[in-house]
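So that the names make sense, note that chain A is the first sequence line, chain B the second, and so on, each numbered from 1.
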Amino acid sequence: MSSVVHPPQPAPVGLSERPEHSAESPLSIHAMTVAYHRKPVLWDVDYDAPANRLVAIVGPNGAGKSTLIKACMGLVPRASGQVEFWGESYRKARSRVGYVPQRESVDWDFPVSALDVVCMGRYRRIGWCRPVSRKHKDAALACMDRVGMAGYANRQISQLSGGQQQRVFLARALAQEADLYFMDEPFAGVDAATEHAIVEVLRALKNSGKTVIVVHHDLQTVPEYFDDVILLNMRVVASGSVREVFTKDNLHKTYGGRLTLLSEAAEAIARASAGEV
Amino acid sequence: MQRVGTQDAHSGGGQGGLGGASLADVTDDLPSIGQVVETMAFRAGFNTNMVIAGTTLLGLAAGVIGVFALLRKRSLMTDALSHATLPGIALAFLAAGWLGFEGRTLPVLLLGATVTGVIGVLCIQAILRFSRLHEDAAIGIVLSVFFGAGIVGLSYIQANAAAGSAGLNKFIYGQAATMQPPDVMLMGAIALAGIVATLLFLKEFALVCFNDAFAKVDGWPVGIIDLVMMGLVVIVTVAGLQAVGLILVVAMLIIPAVAARFWTERLWLLVVIAGVIGGSSGYLGSVVSALLPRKPAGAVIVLSSGAIFIISLVAAPARGVIASTVRRLRLRFRIAGDHLLERAHELASPALDRSEVDRLSDVRGWSRPFRSLLLASLRKRRLIERGVRGAVTVSQAGLDRGARVARNHALWEQYLVAYADIAPSHVDWSVDQVEHVLSDQLVRDLERQLAARGITIPGERPERQAAPA
């Protein structure tokens, strides 16, 4: 799986029985199980994210892709298992984690401008009860610029297209200045310009040493956009670098007998191997 | 502190019926204009001034805090909360009596109200958590059961004719005019505290209301922020009980925010406008209540904010019914007009005779009145000239526009053919509708994209055409 070098210092207390977990891994999931209404959604997930990689989580509908990242961030309760960030608990590492929720998860008819939303990414730095200062507004504007939305700062958010809303969410995550990002279906239903902008941002994040974990639905673009992949269907079918893990065999295991998806996947693999040679 | 029971003088001895001020009681004398002006200008005596100032402040606080109840989608929960205060009032009254201390004062009763109000909200949360009922059902159950319990408690108290029991009725319908200065001061202080707290936590409240999951990941204690928001709703509700009554206090929270939402897209403006609407309806309500002491202030407050709501719904510039209807009609006329002009372009003739216009009306489903309005609007825009007996002559400007529409139509069709595979979300847009709303920028983009594929559409460049009407 991951080829992270183990640090010489001893593992934190309570981790001694799990030596495979590294303090350098931005995200370590160990034996995590999540259940809704007593029905398990994720079974015994083990995963170590390598640092400085773009990671896609793919799998069929209902595979628990969103649930996986939500459980990591404590948004849905875990039935069992541990999650660590750089060897620390989420509480301690929280300031280094950024999040792009699903676009549909909020009511876009909310009385704020695009810039107001991006400024929310600065709130952690601003702190309680203080207004957003000029300095933070400028930082938020710079983030909007990075996703090509600088011209829409004062637009009311309901007047933005779906793709523009997605880019606002992305800019807000950039404003968080995190080291590890979770993104929930950022490519879902966006236009070509937005898709391009998101890919550019992902690459820039990788170049500055960040790790990004993206719930992704489009098998075709996995080899093009991502370094690593987690194939998920209630459990981790396979994880690792796209080149090693994104195989027809593994996809078959993940998606079962769904023929249309399989042919799509086969095509994607063919394209990937052609591109990587 | 003033005992509740001693304020009965004004309440018309409301034993038996629920309302201290019976709704059938219409024997108030109408005040003179002089009295009205005096009351409105804060010159009607110390007590009345206090009541008016206090209720205005309460309305202001309720408007401001209500914005967040609305944005957090807790409007109905607020209603359940206010109804759940009634058993608390009855229990506090009884408990104070049993314990034998002189405790039948407003603070004690309001404390009881707060306790059962909060219990009511917690019951809703518990029902949601431990059953599969939806929120509306949970709220319906809690609201009615708690209110029923309160009514049982009140009738028990009244049946036993406990001293001062008649004063409890005012908590149901509210009676601002009979409030005493200490009560008003308590209400005003709570309202002021609520306003200050809301302004202080504006940013945090907005974050949690807009996107609580993000707030949680970002490290904010969403549960606590929610608790503070709900707590502010609770204290405003409880503070407003005596003035407005528990049935209508929810309206003070919700209506100003809903009405204000029609006028602005900015949160801080929303808060300000809701505060102004809430404050002015609180002012109006208490003035009327002071002039006609037997009329419940709560109803007047709700009616005045309700009137502001209706005006907002109808007349607000961007979100109001009139504005959106006008916009829709204008677009419809424009599209229908374009169809007519495009037809003239296709026929390569400025003259459309009557049968042609009839045929077009049939195909497009234009009713006769719509058609005459359409022709009138086209004439006004100088796109057609007056024709004889239903015939139409299209002007040069009209022909130009028709040509442009036809060209946009072709561009869009070509785009769909060439790019449908990468713009799947756009395929279901009817070509017929889209051609009318393409901006010049979009037309240029289309041309560029199609040119990149070696597709060109004959016709003039749009820049040289007249700007769209």
Side-chain angles (χ1 to χ4, degrees), chain A residues 37 69-70 72-76 90-102 105-113 116-117 119-132 154-159 161-163 169 172-173 175-176 178 181-182 184 189-193 195, chain B residues 67-68 70-73 129-132 196-225 228 257-258 260-274 318-319 419 421-426 441 445 449:
Chain A
H37 289 291
I69 63 170
K70 283 183 183 159
C72 289
M73 294 178 289
L75 290 176
V76 298
Y90 180 58
R91 285 180 81 84
K92 286 188 184 154
R94 174 175 260 169
S95 63
R96 299 173 67 189
V97 178
Y99 178 38
V100 177
Q102 272 184 34
S105 66
V106 304
D107 176 6
W108 287 92
D109 191 28
F110 197 83
V112 288
S113 69
D116 292 336
V117 173
C119 283
M120 288 178 185
R122 307 295 299 176
Y123 282 9
R124 183 159 61 191
R125 275 156 217 282
I126 298 167
W128 286 93
C129 303
R130 293 219 213 109
V132 184
N154 289 318
R155 202 60 92 74
Q156 207 270 330
I157 53 172
S158 68
Q159 287 161 10
S161 74
F169 262 8
R172 181 178 67 173
Q176 288 183 289
Y181 285 98
F182 290 105
D184 204 343
V190 301
D191 53 290
E195 180 144 349
Chain B
V67 166
F68 295 97
L70 176 77
L71 292 178
R72 194 79 176 117
K73 310 205 186 317
R129 179 134 179 214
F130 296 112
S131 78
R132 293 199 171 187
V196 170
T198 310
L199 296 182
L200 213 53
F201 294 114
L202 202 64
K203 172 169 115 279
E204 288 77 12
F205 286 177
L207 178 67
V208 169
C209 288
F210 176 60
N211 197 346
D212 52 356
F214 178 85
K216 216 168 163 184
V217 172
D218 205 38
W220 297 91
V222 171
I224 291 174
I225 294 172
V228 173
V258 174
R261 186 68 186 89
F262 282 99
W263 300 93
T264 181
E265 302 285 4
R266 289 285 178 273
L267 184 66
W268 65 271
L269 258 180
L270 182 65
V271 169
V272 169
I273 296 173
R319 297 172 75 101
Y419 281 93
D421 55 329
I422 62 157
S425 58
H426 291 176
Q441 177 61 44
D445 284 350
Q449 293 213 17

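- A:D107 contributes atom CG, which lies 12.0 Å from atom CZ of B:R72 (distance to the nearest 0.5 angstrom).
- For A:V117, the part lying under 4.5 angstrom from a heavy atom of chain B is the side chain only.
- Using the six-membered ring where Trp is involved, A:W128 and B:F201 have ring planes that are perpendicular, over 60° apart on the 30 and 60° scheme.
- With a 4.5 Å cut-off on side-chain heavy atoms, B:K216 and A:Y99 do not count as touching.
- For the pair B:E204 and A:C129, the tightest heavy-atom approach, listed with the atom from each and the gap, is OE2-N, 2.8 Å.
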Applying salt bridge (charged side-chain N to carboxylate O under 4.0 Å, His left out), run through A:R172 and B:D218 and close with a yes or a no.
-> CA-CA 11 Å; A:R172 181 178 67 173; B:D218 205 38; over 6 Å; no

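- B:L207 CG to A:D116 CG: the interatomic distance, rounded to the nearest 0.5 Å, is 12.0 Å.
- Considering every non-hydrogen atom in both A:F110 and B:A206, the closest pair reads CZ-O, 3.8 Å.
- The minimum heavy-atom distance between A:Y90 and B:V217, with the atom names listed, is OH-O, 3.1 Å.
- Only the side chain of A:F169 comes within less than 4.5 Å of a heavy atom in chain B; its backbone stays farther off.
- Minimum heavy-atom separation, A:R130 to B:K203: O-NZ, 3.1 Å.
- Nearest approach of A:P111 to B:L270, heavy atoms of both residues: CG-CD2, 3.7 Å.
- Expressed to the nearest 0.5 Å, how far CZ of B:F210 lies from CE of A:M120 amounts to 5.5 Å.
- For chain B, the option among A:G127, A:A178, A:C119 with the highest count of heavy-atom pairs below 4.5 Å is A:G127.
- No more than 12 heavy atoms of other residues, nucleotides or ligands sit less than 6.0 Å from atom CD1 of B:I224.
- Looking at B:L70, there are no atoms closer than 4.5 Å to chain A (heavy atoms on both sides), in backbone or side chain.
- To the nearest 0.5 Å, atoms CZ (A:R94) and CH2 (B:W220) are separated by 11.5 Å.
- Remark: A:W108 CH2 is packed, more than 12 non-hydrogen atoms of other residues, nucleotides or ligands lying under 6.0 Å away.
- In this structure, chain B has heavy atoms under 4.5 Å from both the backbone and the side chain of A:N154.
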